[in-house]
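These notes concern the structure reproduced below.
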Amino acid sequence: MKRNFFYFAWREFLRSASKNKNMATKGVLIFFAIYFSLVAFFMGFQLTENLKDLENPVQTFNSLLLIYFGYELVLRIMIQNLPTFGFQPFLLLPVKRTRIARYMLNKSLLHFFNVMPLILGLPFVIRIAAPTLAPTVFWGWLAALFFMIFVNHFLALYIKWRTNESDILFYSFLGLAAGLTAIDYFNIVDLTGGFGKLFDFVVANPYAAVIFPLAIVALYFLNQSYINSRFYLDELSKKKKQGSAHDFSWLNNVGDYGKMLSLEVKMIMRNKRPKNTAMMSVLFLFYGLLIYKTDGAGEEVPEFILVLGGMFMTGVFSMMYGQFFPAWHGKYYPLLMAQNVRMKQVIQSAFFLMAVTNVVYYLLSLGYMYISPKVLYIHLVVMLYNVGVNSWVIFALGLNSKKAIELNQRAAFNYQGVGATQWLMSFPVIFGPVALFGLLSWAFGNIAAYVVFGSLGIIGIILHPRLIDYFTGQYLKRKHRMIYHYKSS
Amino acid sequence: MIQVNNLQKIYNGTTVLNLEELSIAKGEVFGLVGNNGAGKTTFFSLVLDLIRANKGEVVINGIQVSKTEDWKELVAAYIDESFTIGYLTPDEYFEFIGELRGMNTKDVSNFLEAYTDFFKDEILGKKKFIRDLSKGNQKKVGVVGALLGNPEVIVLDEPFANLDPSSQYQLRNIIKEYSKQKEKTLLISSHDLDHVADVCSRIVILDKGEVVRDVEKTESTLADLEEFFTGVRKEESLAD
């Protein structure tokens, strides 16, 4: 029977209706997998280089493990999929539930997260651990390490099932993770050391490695009994919630496109994917902390970097939201096309939303003035450019929109609805302008470049009534195609 | 009210709809019947300019639908679930449609009062998103949404499908009641001959994209329809 389950899964993959579309996405994912494997491999080598001259490299390695597995756990919970497969047809067949549950759990093991630590650890294991540790110790330690991956795997699954049931649990988990990180970081309790000691203990008593398989078995059965106790269509596959009430009706007064705008905001706030996207865009405001760095005292952040960061931070919402305009509304596009709402209103409301968030994010990004006061005017210039030029670029790219967005999926690492447009988008929207800026400032100086950028933005803003009319016409021209593609996506 | 000239839709070389000339007068309740693939939904989608015709035109009240968006003020429709918005509650959905049609909250709730029975206490005032409603209740929301705001032309594709028997009966009465206001034009399709024969004033049978029968409703319409689709004529005594 188990063989048959894999047979079904294989068929499902081979015969899925959107196979060809998925193939492209799969290709990209495979590319990422290879890329990250290589990165992991080189990081592993780097780690070996750093550790090899230490007095007791294995012990140091052990003390780093908690950091790795901790981050991995959080990452897994955020982006790893729960192993729900189409189990409905089997519920009525004479197949034991335990069998289905086990299949689901076993299948979940085929995951990149379970391979990456092997690649990352390989150089260290071969170059340092193998020669320094006695054979029995080495194998015990290696087994412990290996099994720890799967402990993490099933732990993540279990936490994910649980946190999927309630938002409170999810946020308390995040809070707990942050809290533990803080406790460790400020050395209140030495958690990393403690976790490392566990592995040191294995080094001292190799047979203690057996606790890891035991932990796996325990977690496996925990997961299995969780699935078993919830083998009902309404419990395992989705959670139902009461609609939350805030209705954003005040937005209706914005103009004759206000009704569309309040629909747009509801769409963002009430659906998982756009909501996650919006939340992620807020997180990207911290991007500046990464790139606005100075090497030493008195040195300034290069203006070029400020332009790049400003471009990104003021425009991140319009980019992340705009890349799927109008596919966000794909599921009910026919309604919008047949009801008494004009295409112009749809476009105006999207433009308004992007422009307002650009301004808001500009204001928020002013916090970086404490790093460099130039942020005040450099971000202003690129914000104007984002509103006045990039908005239209985004609308132009949206004309090729083909896949309706499944609103209720997560946003991170979700490739549903992603096409060439999305992959190529960053070029005309960010890198193009930044390159142009580089060219202008190289040829005529920074000031001239700012003037050009600001003027382009202001021209775009002044011309916006005309441009909205133009794009209204373009979107109307393509509406049949979009309706068709959205239906079949 | 609606004028169709030489309308043709071709998919991959197959003509799925071919209407030489069809005109639907103001106040008519126009019933469209036909087997699967006869072109009913295609026709409605063309009327609403959701798909592009290969040839010909649909004109509503003098407005060619593929040229401007002005007809949207006159027309409302419910074709399938893409005409509702899953993440709104039914109340918000009605509010949204009402606003698009220039009604305020008070107008909308007045309008909805007439449908209390039809909604059976399962739809209004519940904090439940449309996507979480049953198929039948989703359909009710969509159909009533199409009636909202006094549109001149209402297009309903299979409005009876997925409804429970008593709701089907209520919907019949709603449509009949609505069509008594003489200036409203309704376009309705259904697989259920009984419903169509009951509520429509004119019935058109489509077969492979062509009009094969176009009749005013009379006493014997239902029997005629059944004969057409089954090849068997029911005894008159049974029809009584």
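Letters A, B, ... are given to chains in the order of the sequence lines, protein chains preceding strands, and every chain is numbered from 1.
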Identify the heavy atoms of [X] and [Y] that sit nearest to each other, and give their distance.
{"X": "B:K72", "Y": "A:V341", "value": "NZ-O, 2.8 Å"}
{"X": "A:M260", "Y": "B:F96", "value": "SD-CZ, 4.2 Å"}
{"X": "A:L335", "Y": "B:F83", "value": "CD1-O, 3.0 Å"}

(request) Please list, in residue-number order, every residue in residues 35-59 of chain B that has a heavy atom less than 4.5 Å from any heavy atom of chain A; write 'none' if there are none. (result) B:L48, B:D49, B:L50, B:I51, B:R52
(request) Tabulate, in ascending numerical order, the residues of residues 464-474 of chain A having at least one heavy atom closer than 4.5 Å to a heavy atom of chain B, or enter 'none'. (result) none
Can you confirm whether [X] is buried at [atom1], in the sense that more than 12 heavy atoms of other residues, nucleotides or ligands lie under 6.0 Å from that atom?
{"X": "B:D70", "atom1": "CG", "answer": "yes"}
{"X": "B:K126", "atom1": "NZ", "answer": "yes"}
{"X": "B:E20", "atom1": "CD", "answer": "no"}

(request) Please look at A:M343 and chain B and tell me whether the side chain, the backbone, both or neither of the residue comes under 4.5 angstrom of a heavy atom of that chain. (result) both
(message) Nearest 0.5 Å, please: how far is CG in A:L263 from CD in B:E95?
(response) 12.5 Å
(message) Taking side chain as everything from C-beta outward and backbone as N, CA, C, O, which of these in B:Y87 sits under 4.5 Å from a heavy atom of chain A? Side chain, backbone, both or neither.
(response) both
(request) Let me know if B:I79 has heavy atoms under 4.5 Å from chain A in its side chain, its backbone, both or neither. (result) neither
(message) Less than 4.5 Å apart, side chain to side chain, heavy atoms only: is that true for A:N271 and B:R131?
(response) yes
(request) Indicate yes or no: does A:R270 engage B:E92 in a salt bridge with an N to O separation below 4.0 Å. (result) yes
(message) Regarding B:E73 and A:R342, does a basic nitrogen lie under 4.0 Å from an acidic carboxylate oxygen?
(response) yes
(request) Return the option, out of A:Q339, A:M337, A:H329, with the maximum number of heavy-atom pairs under 4.5 Å with chain B. (result) A:Q339
(message) With chain A as the partner, which of B:L100, B:V155, B:L74 has the greatest number of non-hydrogen pairs under 4.5 Å?
(response) B:L100
(message) I'd like to know whether B:S82 forms a side chain to side chain contact (heavy atoms under 4.5 Å, CB included) with A:K487, so could you lay out the CA-CA distance, the side-chain angles of the two residues, the decisive distance to 0.1 Å, and finally the verdict.
(response) CA-CA 9 Å; B:S82 66; A:K487 269 249 146 89; 3.8 Å; yes
